[in-house]
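Heads up: the structure comes next, in structure tokens.
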Amino acid sequence: MDLFGDMNLTGLASIIMFYLLILGVGMWAARKKSNVEGVSEEEETMLAGRNIGMFVGIFTMTATWVGGGYINGTAEIVYTDGLVWCQAPFGYALSLMLGGIFFANKMRTKGYVTMLDPLQDAYGSRMGGLLFLPALCGEVFWSAGILAALGATLAIILQMDLDTAVIGSALIAVFYTWIGGLYSVAYTDVVQLSCIFLGLWVCIPFAWTHPAVQDIEMSDWTVEWVGEIGGGWWNWHYADYFLLLTFGGIPWQVYFQRVLSSKSAATAELISYLAAFGCIIMAVPPVLIGGIAKATRWNETDYFLLYNKTLPIPKDDTRMILPMVLQYLTPSFVSFFGLGAVSAAVMSSADSSVLSASSMFARNVYKLIFRQGASETEIMWVMRVSIFAVGGMATYMALTIPTIYGLWALCSDLVYVILFPQLLMVVHFTEHCNTYGSLFAYCLGLVIRVSGGEKLMGLPPLVHFPGFAEPTPEEIEEAEDEGRRPFGTQLFPFRTMAMILSMISLVSISKLMVWLFKTNKLQKHHDIFKCIVNIPEDETQVTEQEEGETIGMTTNTDVKTYKSVEEVNGRVSINNGAELRKRKESLGKQVVGRQDSFIRPLEERPLTKEDLRRSFGSKQNSVDPENVTLEEKPVPTQRKVQPLRKGDRKESLKQIKQGIKEGVKEAKEVVKDLTEHLPDGHRGSIASVTERPRYKLLDKQTKQTEL
């Protein structure tokens with residue numbers, strides 16, 4: 001017994017049981033592989049072979065936001081500020097709806113691998129690497145924040161060592177993510193969401209009927225639960241945060257990882273809509289728990305009588321109001337399920353964030369910036385090492401940085417201010433933006449957001465926007481104790497203003513730079529990003545593609561095409577950015593003279609004399625090929641096509657070879673079907689059938705007509 005000391009053994013047993021369950025499911029899912037031909041190992045690990053179906057997709061898409069921070073934060077905000085300030089469930093649900101409407105179908109149809117692919121296609125690999133920074137920091141700080149919350153929860157409720165709790169949780173999440181990739185993440189999401197929903201609902205009746213909980217009457221409901229916004233500039237402050245949750249919840253790799261892993265674009269769009277309802281449904285238990293905490297006389301609970309003689313509850317403890325309700329208002333055997341739900345929720349968020357950050361680094365930074373010629377195996381090992389690195393960084397921050405939530409809040413604001421306008425423009429209006437506008441918009445959004453300050457991480461406001469609320473006496477006293485400048489509150493919606501100005505500047509600066517170069521106000525050599533007029537010629541770019549940024553407002557061709565796997569009538573087809581040729585016409589060009597019931601050519605081209613000899617024979621036909629006048633077709637003027645970047649040539653060749661193999665296979669099947677009517681001695685092999693003259697000669701008139 002001394003080994004465990006005062007540790008809550010029931011709670012410890014629940015944590016161990018749920019961790020073993022999740023680990024087992026993760027290891028089982030790691031053995032799954034998609035049955036889709038042509039799917040690379042990179043897509044297999046990062047996107048589960050683009051084979052996530054409807055059932056698992058709904059769960060894993062809902063788990064995009066429903067995790068440890070979601071349920072703990074919802075209960076906390078209802079307890080402290082009232083239901084009206086509980087914006088996350090509705091904001092994130094709306095972000096999933098808008099993501100499904102405006103982004104899911106387009107992104108999935110084009111077959112991207114990460115969220116940064118369209119950004120790097122439009123602005124070049126280096127600018128894409130710069131846009132990677134806020135996305136990476138947001139994922140890492142989010143993982144660190146929820147791991148820190150889990151450690152604090154287990155340390156207080158289970159009297160467990162904080163370092164042990166954080167490191168153990170992180171190791172389990174990182175281990176099954178490293179082994180199974182998105183397969184493990186997706187299938188464990190099913191278990192974790194089920195644990196959250198069932199575990200919390202089991203606890204609610206016991207907590208509601210606890211003797212210390214007052215009856216909730218209508219007056220209490222309207223005053224204590226609902227709360228109020230405040231009026232005046234507070235309404236703008238409220239709207240700013242709601243727009244931040246709604247539009248800032250879209251440009252996250254954890255969301256697009258689920259979108260791009262779906263079996264089809266239609267499936268990705270549909271599960272986005274269904275997951276939006278899932279977010280609202282999953283918010284009901286924590287909202288009720290927050291209301292129960294609001295109606296509790298805490299001086300009658302063991303929290304006050306045995307552990308803490310301070311009321312009202314200190315601010316540090318209000319962040320853990322949900323596990324406190326489970327611990328002090330429910331019996332031990334009931335809290336067994338609730339604590340498992342909390343730990344499962346945290347791991348649900350941590351594993352997907354770690355995989356998302358690792359995928360973006362391996363593909364969009366390492367491969368497209370530093371090692372364009374890296375093999376698929378090398379990329380996979382880089383991603384696996386990155387999983388441990390990201391998990392290690394998140395764990396270290398969770399144990400050492402006290403303002404981790406402040407860092408995450410700032411990074412999530414940068415995702416809204418910087419990434420959302422950039423992603424919106426490249427997906428829907430790519431012809432109106434280029435690298436110059438992107439860089440200017442990036443810097444402008446960053447400056448405006450940082451100038452507003454961030455209270456959670458001790459960053460004072462550099463600019464007092466209209467409606468600035470001066471520090472209260474309590475804030476001034478707290479600042480003096482900590483030896484810093486008091487902050488106050490920015491009530492002006494400066495985050496949304498920064499996002500709008502960033503979007504406007506992206507388009508306007510892009511247009512301005514195009515005008516300056518096209519009118520020779522700036523010379524060709526001034527186009528340092530090589531995206532408007534200083535685009536390298538095909539010959540030089542084949543050998544020096546790494547020197548220039550790609551795609552501006554002036555290019556009309558796609559630099560890169562991505563493999564997209566779609567479900568069509570129960571079959572899987574592989575699209576390479578353009579419609580594939582019809583398989584039954586793939587024998588095409590040299591079988592021009594056959595019967596109409598045989599195989600038609602893929603495309604027309606001028607016939608040569610050699611074609612005529614092979615088609616009619618030299619002695620059996622009455623038509624002399626020497627007397628045939630061949631139609632001269634004008635050769636169409638070829639426009640310059642931007643070649644593939646060096647890093648994508650290998651992948652493109654692999655796709656072309658796969659398409660050729662499939663074409664040959666289907667052509668053989670077609671020939672076999674069309675020669676079944678021939679006598680046994682005249683079929684020959686498939687190769688000889690395609691070369692031998694027609695079985696039944698046509699009359700002279702028919703042959704002249706065909707010529």
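Note that this is a predicted model, so its numbers are computed, not measured. The first residue of the sequence shown is numbered 1, and numbering continues consecutively from there.
- No hydrogens or angles considered: a donor-acceptor pair under 3.5 Å links the side chains of Glu378 and Tyr366.
- Side-chain atoms of Asp351 and Gln192, non-hydrogen and from C-beta on, do get closer than 4.5 Å to each other.
- Of all non-hydrogen atoms in Ser143 and Ala350, the two that sit nearest each other are OG-O, 3.9 Å.
- Counting heavy atoms from C-beta outward, Gln253 and Glu139 have side chains that approach closer than 4.5 Å.
- The pair Arg258-Asp189 counts as a salt bridge, with a side-chain nitrogen and a carboxylate oxygen less than 4.0 angstrom apart.
- Using a 4.5 Å heavy-atom cutoff, the side chains of Val254 and Ser353 are in contact.
- Judged purely by atom type and a 3.5 angstrom limit, Thr62 has no side-chain atom pairing as donor or acceptor with the backbone of Cys279.
- Note: Ser358 OG to Ile387 CD1 = 5.0 Å, rounded to the nearest 0.5 Å.
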Open item on the list: With side chain to side chain contact (heavy atoms under 4.5 Å, CB included) as the criterion, how do Asn364 and Phe132 come out once you've worked through the C-alpha distance, each side chain's angles and the decisive distance to 0.1 Å?
Closed with: CA-CA 8 Å; Asn364 300 103; Phe132 164 74; 5.6 Å; no
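- Atom CD1 of residue Ile52 and atom OH of residue Tyr187 lie 6.0 Å apart, to the nearest 0.5 angstrom.
- The closest side-chain heavy-atom distance from Glu44 to Tyr183 is below 4.5 Å.
- Inter-residue side-chain proximity for Tyr436 and Phe517 is flagged as met; some heavy-atom pair is nearer than 4.5 Å.
- Atom CG of Leu147 sits about 10.5 Å away from atom CD1 of Ile167, to the nearest 0.5 Å.
- Counting only heavy atoms from C-beta outward, the side chains of Thr430 and Met425 never approach each other to under 4.5 Å.
- Between the CD1 atom of Ile369 and the CZ atom of Arg363 there is a distance of 12.5 Å, given to the nearest 0.5 Å.
- One distance of note links CG of Leu116 with CE of Met127; it measures 11.0 Å at 0.5 Å rounding.
- Within the model, atoms CG of Leu439 and CE of Met513 stand 10.5 Å from one another, a figure rounded to the nearest 0.5 Å.
- Note: Trp252 and Trp142 fail the aromatic proximity criterion, with ring centroids not under 6.0 Å apart.
- In this pair, Phe420 and Phe247 present their aromatic rings tilted. The plane angle is within the 30 to 60° band.
- Within the 3.5 Å criterion, the main-chain N or O of Gln120 finds no donor-acceptor partner in the side chain of Asp117.
- Geometric assessment of Arg449 against the ring of Tyr416 yields a negative cation-pi assignment under the 6.0 Å and 45° thresholds.
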TODO: Show your reasoning for whether side chain to side chain contact (heavy atoms under 4.5 Å, CB included) applies to Leu47 and Arg50.
DONE: CA-CA 5 Å; Leu47 301 176; Arg50 301 190 189 272; 3.6 Å; yes
